[in-house]
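Here's the structure we're looking at; comments come further down.
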Protein chains: 2
Amino acid sequence: MKPTGDLSLVKKINKSLVLDYIRTQSPISRAKIAEISGLTKATVSSLVNELIESHLTYEIGVGQSSGGRKPMMLLFNGTAGYAVGIDLGVHYIYAALTDLNGTIVEEYRMSHRNESVEQVFAKLMECIRELISRAPESTYGIVGIGIGIPGISDEQGNVLFAPNLGWEHVPLQAMLEKEFDIPVIIDNEANTGAVGEKQFGVGKSASHLVYISIGMGIGTGIIINNELYRGTTGFSGELGHMSIQFDGPKCPCGNRGCWELYASEHALLDRARTELGIAQVTVEDLLKLAEEGHPAAIGLFERLADYLSVGIVSIINGLNPDLILIGGRLAEAQKWLREPILKALEQRSLPYPREQLNVQFSELGIRATVLGACSFVITNFFASTKVQLDWNRYV
Amino acid sequence: MKPTGDLSLVKKINKSLVLDYIRTQSPISRAKIAEISGLTKATVSSLVNELIESHLTYEIGVGQSSGGRKPMMLLFNGTAGYAVGIDLGVHYIYAALTDLNGTIVEEYRMSHRNESVEQVFAKLMECIRELISRAPESTYGIVGIGIGIPGISDEQGNVLFAPNLGWEHVPLQAMLEKEFDIPVIIDNEANTGAVGEKQFGVGKSASHLVYISIGMGIGTGIIINNELYRGTTGFSGELGHMSIQFDGPKCPCGNRGCWELYASEHALLDRARTELGIAQVTVEDLLKLAEEGHPAAIGLFERLADYLSVGIVSIINGLNPDLILIGGRLAEAQKWLREPILKALEQRSLPYPREQLNVQFSELGIRATVLGACSFVITNFFASTKVQLDWNRYV
DNA sequence: AAAGTTTGTAAATTGATTAAACAAACTTAG
DNA sequence: CTAAGTTTGTTTAATCAATTTACAAACTTT
């Protein structure tokens, strides 16, 4: 049954609107909100007072007058609740506690290696427990737990397949919700990273952005119309497995010539081993060599940039985003990747979709995933008091 | 300024809802609408009566009773207005007049070849004038003109670039609106085709579909969340220019190894010429040969299917749509393309995004573009009385 | 000090929905 | 064939959130 319109819907819309203005333009007065929102002063006043009652907003004191009564300035109360966000890596767990503004207030890290599902799960629990115990007292307490995983999950928060973790069909969300009795949200690491950057990083002003996480493989998170696009069954974003060479080498996924076979950390290190003749080489080593001016190392990064560009051009031509955001481990190689990529895009992409395009490297770095995970939880928390309709159905 | 909620918004939402039920489930009674919508009988009654007053709905007579008073059945009045849709082809103009249901009531065709912008524009005007003159009397008259073009246009309806037509920076929308003084909507032929199939063809039940129009080149129309995705500046859908061979031949677009260099009509005919040794060959010729069992001709279609599949796999892995729709001229080769494509997808695409995927060939054929153009106009017409908010901003 | 501005609240009004009641029209059980 | 029950669609009163209008308080400027 489709949702209908009634007065409570109107109130939800307007309350969201007012809260959003307070969140994004604070400190701000009631009168100013009325002016920019188009609502009447009376309405804004009433809604703000309800928000104050529910501790999401508070008055900070009078502000500057511009020739009349001084306005009472309002602030969003970010500390009314806290969110736990976790970046579940292949060999590490990075957990953080943020307030409702997305400001990190506590962190906790652990490493793991070749451990069983149970052992990793135990460590996960330890991280969460620790952060929850450290959380300050607040009105709404811990509003949820968000987790970014190196693999794919379904809508019920089951980890379907995380090859590098050795996980298959693990009902992670259910397990954690049973344990902690608060909302748990699971999503792919690239998706959480995309949301993190969109919400708290360089992607704030982009409406359609593609986040490319370059690690062992290539994962992508696609944000369309300011919202994470999940696809029909929640498995969108596997652009790492688009073919850039139809008769290229076989990929374990079944396809040939997948992008990530050419433009991932794995591919880079492979080439370093065979071409530089170093047996055990890491990204750090290569970065160091490049920093020292080693031409072959720099050459390797430039070739990586070329391969990356091939896929990015396809994304630009196909999706016409306003932002391409490069994240993941290899975003650290920005210094050597940036220029070659921009140059290649200039040459290879169609001029029109390129016009309003921005190409950026992640600012949040390792924190993108964790912050995205928190953002999921915070958004979900607000959604319970906000508009939750599929409006497209009305058109 | 973001839209606020008020009583008129509530009414718009509910009126849209009621009208949609009447449009999609007619004949239907007031009581039934109340039951399935969740609105009260009183509300539905009042809204229906307003719809009747505005001639968008009418009563058709009493229906079957299930043990009580007989219900008064309602129908959508599709003939309350008409839309003009045009498929502006490289060598033809196909124009149609539809009612608000999208039913074609009049058609008009013309051909053109190597003519100036002015000459083609004159023919376009002739088509429109002819159809408008043939339109039956109706409450709302001609509600707009929609045009699908073989090129790209901006949001102001300027044809920026239509190479095969030889057009560049033609303010088509402005020219036509000045002439006819009704809303004119211009969009790419693949986009209109996608919308046509979504609205009136096989795509009705798909939420995320990618329409692949295979003609001289490859154009794609992407529908996400039941809405055409236009990208940041309206230039999305150029998936024909994603590279499937990074070191492949140069494409006029600047890229190398573009999909359409391998999987378009142009590529097919090229191969036919060199490999079959026929100097002047058309798609019709090849279809005829294949029908006669000519192995080389069939082989050509199978190779086309292979190349097509490479791109389709990337789309599936990246966007996880619920429908891939193959349209355009080469959709007629369904008989030889279908099986090889399905087989290749089975082998090369990731299993999870494939689960709920459907692959279909266009049913509307040549009419897809025209109907999509009409759909734009009709949607736009209803939008004036419907909800027009960017709801995602509330999250 | 007077005049004008700005902020925020209060009271009355508006309008769309809901809830409850009801009349009309119909079916079915006995 | 009648009484009982059902279903449809309208009417009436109540509700609720926004708007309009008015206003008091607090401040700046002349």
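In what follows, every chain begins at residue 1, and chains take the letters A, B, ... in the order their sequences are listed.
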Exercise. Mapping A/Leu47 and A/Val62 onto DNA chain D by nearest heavy atom, which one lands closer to the 5' end?
Worked result: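 Nearest nucleotide further toward 5': that of A/Leu47.
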Residues forming a side chain to side chain donor-acceptor pair (under 3.5 Å) with [X], sequence neighbours excluded:
{"X": "A/Asp6", "answer": "A/Ser8"}
{"X": "A/Thr79", "answer": "A/Asn77"}
{"X": "B/Asn320", "answer": "A/Thr233"}
{"X": "A/Lys11", "answer": "A/Glu50"}

Exercise. B/Asn14 side chain N/O closer than 4.0 Å to the phosphate oxygens (OP1, OP2) of C/dA16?
Worked result: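 The answer is no; no side-chain N or O of B/Asn14 sits under 4.0 Å from OP1 or OP2.
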For the side chain of [X], counting heavy atoms from C-beta on, which of [options] is nearest?
{"X": "A/Asp6", "options": "D/dA18, D/dG9, C/dT17", "answer": "C/dT17"}
{"X": "A/Ser65", "options": "C/dG8, D/dC27, D/dT19", "answer": "D/dC27"}
{"X": "B/Leu39", "options": "C/dT18, D/dA17, D/dG9", "answer": "C/dT18"}
{"X": "B/Ser66", "options": "D/dG9, C/dG8, D/dT7", "answer": "D/dT7"}

Expressed as a whole number of angstroms, how long is the span from [X]:[atom1] to [N]:[atom2]?
{"X": "B/Ile28", "N": "D/dT8", "atom1": "CD1", "atom2": "P", "answer": "11 Å"}
{"X": "B/Asn49", "N": "D/dT8", "atom1": "CG", "atom2": "P", "answer": "16 Å"}
{"X": "A/Leu9", "N": "D/dC16", "atom1": "CG", "atom2": "P", "answer": "16 Å"}
{"X": "B/Gln64", "N": "D/dT7", "atom1": "CD", "atom2": "C1'", "answer": "14 Å"}
{"X": "A/Ile33", "N": "C/dT7", "atom1": "CD1", "atom2": "P", "answer": "12 Å"}
{"X": "A/Leu51", "N": "D/dA17", "atom1": "CG", "atom2": "P", "answer": "14 Å"}

Exercise. Hey, does A/Ser46 reach any base, or is it just sugar-phosphate, or nothing, if we go heavy atoms under 4.0 Å?
Worked result: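 Here A/Ser46 touches no strand at all.
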Exercise. Taking the nucleotide of DNA chain C with the closest heavy atom to each, which residue, A/Arg30 or B/Glu50, is nearer the 5' end?
Worked result: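 Whichever sits nearer the 5' end wins; that is A/Arg30.
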For this session: Please list residues of residues 67-77 of chain A whose heavy atoms come under 4.0 Å from any atom in DNA chain D, ordered by number; otherwise none.
Result: A/Gly67, A/Gly68, A/Arg69, A/Lys70
Show which side-chain atoms of residues 58-67 of chain B pair as donor or acceptor with protein atoms under 3.5 Å away, not counting sequence neighbours.
residue	atom	partner	partner atom	Å
B/Glu59	OE2	B/Arg30	NH1	3.1
B/Glu59	OE2	B/Arg30	NH2	2.7
B/Ser65	OG	B/Gly67	N	2.9
B/Ser65	OG	B/Gly68	N	2.9
B/Ser65	OG	B/Gly68	O	2.5

Exercise. Is there a donor-acceptor contact under 3.5 Å from the side chain of B/Lys198 to the main chain of B/Lys204?
Worked result: yes
Nucleotides 10-15 of chain C: which of its N/O atoms have a protein N/O under 3.5 Å away?
none

For this session: Apply ring-ring contact (aromatic ring centres under 6.0 Å, His included) to A/Tyr229 and list each qualifying residue two or more places apart in sequence or on a separate chain.
Result: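 ring-ring contact (aromatic ring centres under 6.0 Å, His included) check on A/Tyr229 returns B/His208.
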Seminar exercise, completed: One should read off an interatomic distance between B/Arg230 CZ and B/Thr232 OG1, to the nearest 0.5 angstrom, of 13.0 Å
Problem set entry | salt bridge (charged side-chain N to carboxylate O under 4.0 Å, His left out) contacts touching residues 68-85 of chain B (sequence neighbours left out) |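 Found none.
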